[in-house]
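Below is one structure, written out as structure tokens; comments come after it.
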Amino acid sequence: MKGMDKVVILDFGSQYTQLIARRIREAGVYSEIHQYNISIERLKELNPKALVFSGGPASVCEQDAPDIPDKIFSLNLPILGICYGMQLIAKKLKGKVSPSKDREYGRAYLIKVKDSPLFRDVFDNEKLQVWMSHGDKVDKVPYGFDVIAKTENIEVAAMENREKNIYCIQFHPEVAHTQNGEKIIRNFLFDIVGLKPTWNMASFVKSVVEKIPKVVGDANVVCGISGGIDSTVVAVLLNKAIGKKLHCIFVDNGLLRLNEGKEVVHYLTDHFDLNLKYIEASDLFLSRLKGVEDPEQKRKIIGRTFIEVFEKEAKSIPNVKFLAQGTLYPDVIESVSFKGPSAVIKSHHNVGGLPEKMNLKLIEPLRELFKDEVRKVATELGIPDFLVWRHPFPGPGLAIRIIGEVTEQRLSILRKADKIVEQELKDSGWYYKVWQGFAVLLPLKTVGVMGDERTYEHVIALRIVDSIDAMTADWTRLPSELLAKISNRIINEVKGVNRVVYDISSKPPSTIEWE
Ligand code: XMP
């Protein structure tokens, strides 16, 4: 975000770095994550009001430990060093850091040594529960620093140089286990740096709506709508900024949930007057999937066919120069951060490759936002809850929830079962508590009995999971009465199914989807 007061977080590879950024934004200050070895020139360009050094898995005592240029300190910016960040500051400013044999991990109690603006109104009494995760420890603070807190295990759990506005803490204020962690972050932002809480979703929408028309000029922009929250927000936001110059395309691949495609398209055209074209391509997708059983094959075929249909449509729009996409901040950080892009476990389906092929520039208005911020933008734009809180749905749709070949008949069975799962989760209030809940159709038949007759029919598996970011997940402990109701309804109402099973695997080692 240009022109907005920001805090830059230098990432040394901590698993909590994203959380630091989120906590700062929740406090109303815009923050960005950058790699620890960013150049001074780039840092000056970014013009942050303060820096945060994250934690990290390395030891500052090792030879090739992640380092920063000394010049960072001559920028005279306020700095908050967390864990590895603190040890690095201690070492670079000529304090003493020593490696310890055991990593201190988990809860610890912080004991106040000296009053500090960082801890204003933080201690209820003299002790505070904090979350530690470190190996090294600071033995001697650098010249000009004072110890402000200790624990039973370490003499320097926090230190400050008030004159230079450098504050360091050994524990993690960004995690929920640290009591008053958000207050510590707020004290740094507001009392120490002097920032104001100006980052909110109304200001975000305003800045995008002002900026985009200048970028686009008189060209047209094309945007694929999936019915998911990200592409919906991109479309409604850009519609607000450039109106009919935005051309949205919804490709119905025949792999959607019951009535989903038409419902989404009608809603968006009726309520937001979107310039939206609905393309019915079910037959094409299904014909290409005929006889295909391998999951990766299915994904690839669906991805390729989507691009083909989308491209054909996009080419028919005159003067298209941009492709709008719902890339989010975690995708951006993945590619720039310490760890680099993570390995591809399943090939995800998007319009990759299209921008180069059609010579389109990308517009990614959400690339600075976390998912929870996108939901807030959606509400700000008047997008209703049923779209905002919809469960994630994979690009290849029901094709990867039908194990084995995808046929019209199997799709029809799965759609009916899936609808029952959704309805029952909604009626019982569980829909909004879980990350995702859906039905999977298995490629096997089992024996049952209905009335006096023997049956030989399909099995439906229920997959209902709790998760925060889909990277890890656990199966939801649904009440047994609710499971019984879903199972009864599916077996009674969906012809062709005589057995329902509940998937009790976590991710990892399983994944959320079955294919
Ligand atoms: P897995 O199965 O990898 O899924 O544990 C993690 C999350 O990603 C969703 N998912 C997809 N989303 N295109 C998407 O847009 C895809 O190809 C795709 N595959 C999985 C899945 O529903 C879950 O929320």
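Remember, it's 1-based here, ligands and their atoms both numbered in the order they're listed. Note that the structure is a prediction, hence the values are computed from the model and not measured. Throughout, numbering of the chain's residues begins at 1 and tracks the sequence.
Aromatic rings of F171 and H134 (six-membered ring for Trp) have centroids beyond the 6.0 Å cut-off, not under it.
Here is the list of ligand 1 atoms found below 4.0 Å of a heavy atom in W435: 24 (O). Short contacts between ligand 1 and T511, defined as distances under 4.0 Å to a heavy atom of the residue, involve ligand atoms 1 (P), 2 (O), 5 (O). For ligand 1, the atoms sitting less than 4.0 Å from at least one non-hydrogen atom of R299 are 16 (C), 17 (O), 18 (C), 19 (N), 20 (C), numbered in the order shown with element in parentheses.
Around atom 6 (C) of ligand 1, the closest heavy atom drawn from K507, E513, R463 belongs to K507.
Remark: R463 fails to qualify as a cation-pi partner of F438 under the 6.0 Å distance and 45° angle criteria applied to the six-membered ring. Both the sub-6.0 Å distance and the 45° axial angle are not jointly satisfied by R367 relative to the ring of Y329.
Aromatic ring pairs are classed by plane angle as parallel below 30°, tilted from 30° to 60° and perpendicular above 60°; the pair F386 and Y267 is perpendicular. Between F12 and Y84, the ring-plane angle classifies as tilted under the 30° and 60° cut-offs.
Between I402 and E405, every side-chain heavy-atom pair lies at or beyond the 4.5 Å cut-off.
Within the 4.0 Å heavy-atom shell around ligand 1 one does not find W514.
For a threshold of 3.5 Å applied to N or O pairs, the pair formed by G395 and ligand 1 contains at least one separation below that value. Inclusion of R401 in the set of residues having an N or O under 3.5 Å from an N or O of ligand 1 is not warranted. For ligand 1, none of its N or O atoms has an N or O atom of A470 under 3.5 Å away.
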